[in-house]
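Here is the naming used below: chain letters follow the sequence lines, and residue numbers restart at 1 for every chain. Because only heavy atoms are used, hydrogens play no part in the values below, and waters and symmetry mates are left out as well, while side chains stay in. In this text, all values refer to a predicted model and were calculated from it rather than measured experimentally.
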Amino acid sequence: MRTSVEIVDIQTGKPVAAELFDDVTLAHFLVTQEKWRPLVIEAAQALHRASGGTSTSIPRHWHWDWTQKEADLRMLAVSFFGIEVEGDLQGIIKLLNVGYPCRIPAQAGLDSIYIDYVETAPWNNKVMTEALGQQRKYGAVGVRLVEAAVQRSIEEGFHGRVTLHSLPTSESFYLEVCGMTAVERDAKKQTLLWCEFTPDQARQFLGED
Amino acid sequence: MKFSNNREWLKKKAEAEDGCFVSVGGLITRLGQAEGVAAAKPTRSAFVRLLQLARRERGLSWEQFAVKVGVPLEELVTVELDESFIPKPRTVFNLARFLRISEKKLMALSGLLIPKDAAFNEEAVLFAARSESVEKLSPEEHRALEEYIRFLSEQ
């Protein structure tokens, strides 16, 4: 599947044509290694220097090693979506369609699409581009990837129910921008916040209500 | 799948997303790991030997090999000469496809991934050790060596 969508050029504020696709391959993961990772490292180092710190860790929410997920490409319960502008990868998401039933009492036990991993290119992130002294490129990449998760949920017959464990730094995105429900801190998952879309919330997120 | 074409919605969402992190997921990525410094030397030796033998088995020069695989010659030569050099993922990907072997295993061998299985390292050491040639130089190797030593001897 490849479909045309629009995202936003941050510099002009105008819509820009993008392609959302699900035929993600190892080659896309390699792009994240070759093009994203050096910038993430550079931004992390710039911030460490600016803060006078000596840490050698990239903040956990900044970058995943997507090549480690290569085996997942062949699993039926797993799907990936990517988003490109003129052939350049702007964001990538990994979804699971089994194993994560909903927890909100009204929909407890019902199937959901679980967002396992998601990342946008460093040039689309405000904190990283500011650390690098560069201009941001595109906005709404994360929104489009979450939209893909909702659409996959609808396609699977889950009516837009989407779940995830949010990292602390991403909670405002999922709660305020997407409008998900903060259900509970999950003691089994590093006390990360378990968030859910109900079908109504998913429709609201899509701008349908 | 139907995606929204409502530009007002898009604009509003883009503004709201600005400045947010969107990541979810698990583990910390260490800087050192990200920079590839954790490459295991035994596997690197095996990686270099594998490339050498694969090239020779096909009767190709490094130049011809680089063209066939679709990777920069300079990078191939650096891989062979510099044990600490970590090749680009794309290069290893192309090599794996050309050699028809697992991309993931070749990445581990090259130092791009850290193998979790101890047996993987042991096999790599054995291969590197067993594949080291004890034969005398072929006439071509002898000639190339002489020519290069002559070149190096010139002032």
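Looking at A:Ile154, there are no atoms closer than 4.5 Å to chain B (heavy atoms on both sides), in backbone or side chain. Both the backbone and the side chain of A:Phe205 come within contact range of chain B, each with at least one heavy atom under 4.5 Å from a heavy atom of that chain. For chain B, the nearby parts of A:Glu147 are the backbone and the side chain; heavy atoms of each come within less than 4.5 Å.
Interface summary for chain B: among A:Gly13, A:Ala148, A:Ser4, A:Ser172, the most heavy-atom pairs under 4.5 angstrom belong to A:Ala148. Taking B:Asn6, B:Asp18, B:Val92 one by one and counting their heavy-atom pairs under 4.5 Å with chain A, the maximum is reached by B:Asp18. Put simply, of A:Thr129, A:Val31, A:Asp22, A:Val141, the one with the most heavy-atom pairs under 4.5 Å next to chain B is A:Val141. Contact count versus chain B (heavy atoms, under 4.5 Å) is highest, among A:Arg136, A:Glu171, A:Met1, for A:Arg136.
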Check the pair A:Val8 / B:Lys13 against side chain to side chain contact (heavy atoms under 4.5 Å, CB included), numbers first and verdict last.
CA-CA 10 Å; A:Val8 175; B:Lys13 288 293 182 195; over 6 Å; no
Would B:Met1 and A:Arg152 count as a side chain to side chain contact (heavy atoms under 4.5 Å, CB included) if you check the C-alpha gap in whole Å, the side-chain angles of each, and the deciding distance to 0.1 Å?
CA-CA 8 Å; B:Met1 278 193 180; A:Arg152 173 48 54 91; 3.6 Å; yes
Determine whether A:Leu145 and B:Val22 satisfy the following criterion, side chain to side chain contact (heavy atoms under 4.5 Å, CB included), listing intermediate values before the conclusion.
CA-CA 10 Å; A:Leu145 293 172; B:Val22 303; 6.0 Å; no
Using side chain to side chain contact (heavy atoms under 4.5 Å, CB included), reason through B:Trp9 and A:Val143 one step at a time and then give a plain yes or no.
CA-CA 11 Å; B:Trp9 171 85; A:Val143 165; 3.6 Å; yes
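Within the 4.5 Å cutoff, no side-chain heavy atoms of A:Glu6 are placed close to those of B:Phe3. Taking the side chain as every heavy atom from C-beta outward, A:Lys126 and B:Phe21 never approach each other to under 4.5 Å.
Between the B:Glu17 side chain and the A:Gly142 main chain, a donor and an acceptor come within less than 3.5 Å of each other.
Counting non-hydrogen atoms of neighbouring residues, nucleotides and ligands closer than 6.0 angstrom, the CZ atom of B:Arg97 reaches no more than 12 such neighbours.
Counting all heavy atoms, side chain and backbone alike, B:Ala14 lies closest to A:Gly139 at CB-C, 4.1 Å. The two residues A:Asn125 and B:Cys20 have their closest heavy-atom pair at ND2-O, 3.9 Å.
For the atom pair OG of B:Ser4 and CD of A:Gln151, the computed distance is 9.0 Å after rounding to the nearest 0.5 Å.
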